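Keep in mind that the numbers below use all heavy atoms, side chains included, and drop hydrogens, waters and symmetry copies. All values derive from a computational prediction rather than experimental measurement.
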Amino acid sequence: QRSEAEFVTFSVPSYACQRRTTLNNRNAVLTDALSLLADNAELTGDEGRGVAFRRAAAVLKALPKPVTDATQLRGLPCLGEHSLRVINDILEDGASNEVESTKRSERYKALKVLTGVFGVGVKTADRWIRAGIRDLHGLQDSGPALNRAQQAGLQHYDDLNQPVTKAEADAIAEIVERAVASVSPGAQTTLIGGFRRGKPTGHDVDFLITHPEEGREEGLVPKVVSWLESEGILFYQKTTRNSYLEGKESGPGRPSSSMDRFERCFSIFKLPKEEKRGAGQTHGAACGPEAGHKPWRAVRVDLVVSPVSQFAFALLGWTGSKLFERELRRWAGHEKAMSLSSHALYDNKQRRYLRATSEEEIFAHLGLEFIPPSERNA
Ligand code: TTP
Ligand code: MN
Ligand code: MN
Ligand code: MN
């Protein structure tokens with residue numbers, strides 16, 4: 001019989017942006033289970049429930065030790081009844097029935113596969129499932145009209161679902177830097193997203209581009225895209241121009257959602273395969289059928305351009321994690337009466353914008369201790 005005194009008890013603040021969350025997750029079994037339920041909730045259109053599971057998982061990610069007993073969780077924030085039940089089941093039985101049956105369910109599996117196609121969101125996947133499409137073969141055969149992004153996604157499904165390594169991200173960074181330097185000398189390129197947080201792999205590679213002279217960044221994306229296209233590096237791209245000044249429904253800095261209005265490009269790069277660039281040897285049959293055909297691998301790349309005056313906000317907003325960002329905005333709104341976006345920070349009481357040229361200044365405006373990117377892995 002163990003007494004409660006023998007257990008480590010934990011204490012964590014309730015907003016993820018008040019916590020340091022490294023990649024060293026001591027509770028991966030529990031957080032994987034909660035993340036799967038979050039995925040499932042989001043895939044079935046229940047965003048609120050998805051966020052609840054993500055917040056619960058994030059609390060466990062911030063703990064310094066593995067949880068061994070449910071009593072250790074007393075008093076922790078964001079652990080609702082449902083999440084606690086799942087955690088308890090895993091601690092007691094080694095698995096949660098709900099998680100296991102979700103994982104096996106036809107609907108979950110189909111939604112996972114179909115939304116795994118680049119350009120396919122939850123609504124599209126749901127429509128296809130109701131039309132009887134369950135997998136990629138079904139998608140190819142029954143041929144619903146696929147848009148350009150989805151065609152590209154289906155064509156390179158395996159490549160795009162294989163995690164991008166840091167080495168590949170570095171190779172892409174070199175290419176993007178060369179492109180940016182050629183079309184706009186003096187412009188700066190920064191690696192953002194998961195790789196800036198120190199993740200060893202990612203589902204894509206994200207870059208933020210700016211120019212030290214305000215205004216010189218305008219129209220940079222189309223120029224970079226032309227350069228990349230002339231080098232034969234782009235397989236797919238969709239460019240969106242900056243629409244920040246056109247906002248009508250919400251004034252600048254007071255966005256209604258997390259969507260920002262920067263000039264950007266969602267793309268697929270053709271990254272030359274390392275071994276193919278070196279020795280002329282190919283491995284032929286040892287590789288998959290596709291590997292033998294093309295000397296490159298498809299990698300998703302996001303390019304975002306920000307005016308230098310908004311750079312700190314863009315950097316903070318695009319470094320993630322998604323939950324960390326969401327929590328920052330919730331903190332700003334609920335605790336500080338401020339509105340934070342990837343463009344600006346607005347103080348609703350003072351009725352003015354708060355300037356910042358670094359992430360540190362933004363945390364200070366928000367009354368938060370600075371959390372470096374490597375500790376934003378909530
Ligand atoms: P992602 O690239 O989706 O996520 P990630 O880099 O954290 O993880 P992964 O390794 O799987 O790629 O998004 C990066 C950040 O960009 C994330 O914090 C959310 C932000 N973002 C926006 O602010 N606006 C957008 O429109 C999109 C698509 C992302
Ligand atoms: Mn998708
Ligand atoms: Mn990313
Ligand atoms: Mn991205």
**Q** Might you work through the side-chain contact (heavy atoms from CB on, under 4.5 Å) test for Ile133 and Asp141, ending with a clear yes or no?
**A** CA-CA 9 Å; Ile133 298 166; Asp141 299 344; over 6 Å; no
**Q** Could you check whether any side-chain N or O of Glu263 sits under 3.5 Å from a backbone N or O of Glu218, counting only pairs where one atom can act as donor and the other as acceptor?
**A** no
**Q** Do Met338 and Tyr346 make a side-chain contact, defined as non-hydrogen atoms from C-beta onward lying under 4.5 Å apart?
**A** no
**Q** Are the side chains of Val176 and Val205 in contact, using a 4.5 Å heavy-atom criterion?
**A** no
**Q** Measuring from Asn348:CG to Ser339:OG, what's the distance to the nearest 0.5 Å?
**A** 4.0 Å
**Q** With a 3.5 Å distance limit and no angle check, can you tell me whether Thr115 reaches the backbone of Leu111 through a side-chain donor-acceptor pair?
**A** yes
**Q** For the rings on Tyr236 and Phe118, is their centre-to-centre separation under 6.0 Å?
**A** yes
**Q** Whether the side chain of Asn161 engages the backbone of Gly116 through a donor-acceptor N/O pair (distance < 3.5 Å, no angle test) should be reported.
**A** yes
**Q** Quick one: do Glu274 and Arg297 make a salt bridge, cutoff under 4.0 Å?
**A** no
**Q** Counting distance only, does the side-chain N/O of Gln151 pair as donor-acceptor with the main-chain N or O of Arg148 below 3.5 Å?
**A** no
**Q** Can Glu325 and Lys322 be counted as an ion pair, charged N to O under 4.0 angstrom?
**A** no
**Q** Is there a donor-acceptor contact under 3.5 Å from the side chain of Asp204 to the main chain of Val301?
**A** no
**Q** Does Lys166 form a salt bridge (Lys or Arg N to Asp or Glu O under 4.0 Å) with Asp170? I'd like the steps, not just the answer.
**A** CA-CA 6 Å; Lys166 180 66 166 76; Asp170 290 340; 2.7 Å; yes
**Q** In terms of hydrophobic clustering (I, L, V, M, F, W, Y; side-chain heavy atoms under 4.5 Å; direct or indirect links), are Val59 and Leu91 co-clustered?
**A** yes
**Q** Considering only heavy atoms from C-beta outward, does the side chain of Glu81 approach that of Leu84 to under 4.5 Å?
**A** no
**Q** Tell me if the centroids of the rings in Phe235 and Trp296 come within less than 6.0 Å of each other.
**A** yes
**Q** Would you call Glu361 and Arg355 a salt bridge, using N to O less than 4.0 angstrom?
**A** no
**Q** Indicate yes or no: does Arg130 engage Asp126 in a salt bridge with an N to O separation below 4.0 Å.
**A** yes
**Q** Verify the neighbour count for atom CD of Glu47: are there more than 12 heavy atoms of other residues, nucleotides or ligands below 6.0 Å?
**A** no
**Q** Which heavy atom of Leu316 sits nearest to which heavy atom of Phe363, and what is that distance?
**A** CD1-CE1, 3.8 Å
**Q** Please name the pair of heavy atoms, one in Val308 and one in Pro212, separated by the smallest distance, quoted to 0.1 Å.
**A** CG1-O, 3.7 Å
**Q** I'd like to know if the side chain of Thr22 reaches the main chain of Asn24, judged simply by a donor and an acceptor atom lying under 3.5 Å from each other, with no hydrogens or angles considered.
**A** yes
**Q** Check the pair Asp159, Val299 against side-chain contact (heavy atoms from CB on, under 4.5 Å), reporting the backbone distance first and the verdict last.
**A** CA-CA 7 Å; Asp159 270 10; Val299 178; over 6 Å; no
**Q** Are Asp206 and Arg300 within salt-bridge range, i.e. N to O under 4.0 Å?
**A** no
**Q** We want to know whether Thr44 and Asp46 form a side-chain donor-acceptor pair, criterion being a heavy-atom distance below 3.5 angstrom.
**A** no
**Q** Is the closest side-chain heavy-atom distance between Phe207 and Leu303 below 4.5 Å?
**A** yes
**Q** Following the transitive rule for hydrophobic clusters with a side-chain heavy-atom cut-off under 4.5 Å over Ile, Leu, Val, Met, Phe, Trp and Tyr, establish whether Phe262 and Leu328 coincide in one cluster.
**A** no
**Q** Can you see whether Thr68 engages Gln72 through a side-chain donor-acceptor pair at a distance of less than 3.5 angstrom?
**A** yes
**Q** Does one side chain, of Thr31 or Asn25, offer a donor that lies under 3.5 Å from an acceptor on the other?
**A** yes
**Q** Suppose we call two aromatic rings close when their centres sit under 6.0 Å apart. Are His343 and Phe313 close by that rule?
**A** no
**Q** Would you mind listing every ring-ring contact (aromatic ring centres under 6.0 Å, His included) that reaches into residues 318-341, with sequence neighbours excluded?
**A** Tyr15-Trp331
**Q** Return yes when atom CG of Asn97 has more than 12 non-hydrogen atoms of other residues, nucleotides or ligands closer than 6.0 Å, and no otherwise.
**A** no
**Q** May I ask you to decide whether Glu42 forms a salt bridge with Arg49, counting only side-chain N to carboxylate O separations under 4.0 Å?
**A** no
**Q** Cluster question for you: counting only ILVMFWY and a side-chain heavy-atom cut-off of under 4.5 Å, with indirect links fine, are Val122 and Leu36 together?
**A** yes
**Q** Does the Glu327 side chain pair with the main chain of Ala16, one donor and one acceptor, at a distance under 3.5 Å?
**A** yes
**Q** Can you list every pair that meets side-chain hydrogen bond (donor to acceptor under 3.5 Å, both in side chains) and has a residue in residues 176-190, with sequence neighbours left out?
**A** Ser182-Trp227
**Q** Evaluate side-chain contact (heavy atoms from CB on, under 4.5 Å) for Ile87 paired with Leu73, printing each intermediate quantity in order.
**A** CA-CA 10 Å; Ile87 294 168; Leu73 302 174; 3.7 Å; yes
**Q** Mind checking whether Leu114 and Ile129 have side chains closer than 4.5 Å, heavy atoms only?
**A** yes
**Q** Within the 3.5 Å criterion, strictly below it, is a donor on Glu214 or Ser309 matched to an acceptor on the partner's side chain?
**A** yes
**Q** Is Glu106 salt-bridged to Lys112, going by a charged N under 4.0 Å from an acidic O?
**A** no
**Q** What do the steps show when you test Phe53 against Ser83 for side-chain contact (heavy atoms from CB on, under 4.5 Å), and what is the final call?
**A** CA-CA 7 Å; Phe53 283 129; Ser83 294; 3.5 Å; yes
**Q** Same cluster or not: Phe266 versus Leu146, using hydrophobic residues (I, L, V, M, F, W, Y) connected whenever any side-chain heavy atoms lie under 4.5 Å apart?
**A** no
**Q** Is there side-chain contact between Thr21 and Glu375, with heavy atoms separated by less than 4.5 Å?
**A** no
**Q** Could you give the distance from OG (Ser306) to OH (Tyr244), rounded to the nearest 0.5 Å?
**A** 11.0 Å
**Q** Minimum heavy-atom separation for Asp135 to Val113, with atom names?
**A** CA-CG1, 4.4 Å
**Q** Are any side-chain N or O atoms of Asn27 and backbone N or O atoms of Val67, one a donor and one an acceptor, separated by less than 3.5 Å?
**A** yes
**Q** Does a salt bridge link Glu335 with Arg330, judged by any charged N lying under 4.0 Å from a carboxylate O?
**A** no
**Q** Do Arg134 and Arg107 have side-chain heavy atoms sitting under 4.5 Å apart?
**A** no
**Q** Might you point out which heavy atoms bring Asp302 and Ser267 nearest each other, and give the distance in Å?
**A** OD1-N, 4.5 Å
**Q** Donor-acceptor check, side chain of Arg196 to backbone of Thr319, threshold 3.5 angstrom: yes or no?
**A** no
**Q** Quick one: does Asn377's side chain have a donor or acceptor within less than 3.5 Å of a partner on Arg197's backbone?
**A** yes
**Q** Are Leu30 and Leu323 connected in a single hydrophobic cluster, I mean Ile/Leu/Val/Met/Phe/Trp/Tyr linked by side-chain heavy atoms less than 4.5 Å apart?
**A** no
**Q** Salt-bridged, Asp347 to Arg351, with N to O below 4.0 Å?
**A** no
**Q** Please report the closest heavy-atom contact between Gly50 and Ala41, naming both atoms and the distance.
**A** N-CB, 3.6 Å
**Q** Find the distance between CD1 (Ile175) and CD1 (Ile233) and round it off to the nearest 0.5 Å.
**A** 4.5 Å
**Q** With rounding to the nearest 0.5 angstrom, report the OG to CD distance, Ser105 to Glu100.
**A** 12.0 Å
**Q** Under 4.0 Å between a side-chain nitrogen and a carboxylate oxygen: does that hold for Asp39 and Arg54?
**A** yes
**Q** I'd like to check Pro372 versus Arg20 (side-chain heavy atoms, cut-off strictly below 4.5 Å). Are they in contact?
**A** yes
**Q** Identify the two heavy atoms, one from Val221 and one from Cys265, that lie closest to each other, and give their separation to 0.1 Å.
**A** CG1-CB, 3.7 Å
